[in-house]
Trainee: 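This is the structure, below, for whatever I ask next.
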Amino acid sequence: MTGAEGVTLHLALAGEADHFSTAPLRAILARAVEDGYQALVLDTTALTFADSGFLSALTAWQRSGRPLHHHPSPAVTRLLHHLRAADR
């Protein structure tokens with residue numbers, strides 16, 4: 001992932017994304033920020049479970065001000081729905 005200035009990173013996740021299994025995702029996203037990726041397209045349509053660990057993994061990307069385009073699975077949609085409800 002070098003020389004990526006202005007490039008969009010595309011990732012597809014499958015299976016489960018929890019606090020323990022998102023370590024590789026955290027590393028990939030941190031490296032992508034360092035390497036100058038400017039946008040992220042995240043496909044989680046094959047993700048069957050996601051928890052706050054998944055959301056935490058996306059925090060650094062969101063803090064960088066880069067856009068995130070997301071194709072959520074039902075599991076991620078539920079997680080985001082609960083998060084929005086908790087914010088109200």
Trainee: Determine whether a donor-acceptor pair (N or O, by modelled atom type, separation under 3.5 Å) exists between the side chain of S73 and the backbone of T48.
Mentor: no
Trainee: For a 4.5 angstrom cut-off between non-hydrogen side-chain atoms, does Y37 reach T8?
Mentor: no
Trainee: Should V33 and R66 be marked as a side chain to side chain contact (heavy atoms under 4.5 Å, CB included) after you check the CA-CA gap, both sets of side-chain angles, and the distance that decides it?
Mentor: CA-CA 9 Å; V33 167; R66 292 167 170 84; 3.6 Å; yes
Trainee: What's the shortest heavy-atom distance between S52 and L79, and which atoms?
Mentor: N-CD1, 4.5 Å
Trainee: For the side chain of T59 and the backbone of S56, is there at least one donor-acceptor N/O pair under 3.5 Å apart?
Mentor: yes
Trainee: Less than 4.5 Å apart, side chain to side chain, heavy atoms only: is that true for V76 and H70?
Mentor: yes
Trainee: Between T44 and L11, is there a side-chain heavy-atom distance shorter than 4.5 Å?
Mentor: no
Trainee: Could I get the full list of side chain to side chain contact (heavy atoms under 4.5 Å, CB included) partners for E34, not counting sequence neighbours?
Mentor: R31
Trainee: Show the nearest heavy-atom pair for residues A50 and A75, with the distance to one decimal.
Mentor: N-CB, 4.4 Å
Trainee: Can you measure from CD (Q62) to CG (L29) and round to the nearest 0.5 angstrom?
Mentor: 10.0 Å
Trainee: Keeping the roles fixed (side chain from W61, backbone from A39), state whether a donor-acceptor pair exists under 3.5 Å.
Mentor: no
Trainee: Any chain of hydrophobic side-chain contacts (each under 4.5 Å) joining L55 to F49?
Mentor: no
Trainee: Could you check whether any side-chain heavy atom of F54 comes within less than 4.5 Å of a side-chain heavy atom of L47, counting everything from C-beta outward?
Mentor: yes
Trainee: In chain order, what residues pass the side chain to side chain contact (heavy atoms under 4.5 Å, CB included) check against S21, with sequence neighbours excluded?
Mentor: D18
Trainee: Kindly compute the distance separating CG (L58) from CZ (R63), expressed to the nearest 0.5 Å.
Mentor: 11.5 Å
Trainee: Counting C-beta onward and ignoring hydrogens, is there a side-chain heavy-atom pair between L25 and L13 closer than 4.5 Å?
Mentor: yes
Trainee: Does any non-hydrogen side-chain atom of L42 lie less than 4.5 Å from one of L68?
Mentor: yes
Trainee: Any side-chain heavy-atom pair from V41 and H71 closer than 4.5 angstrom?
Mentor: yes
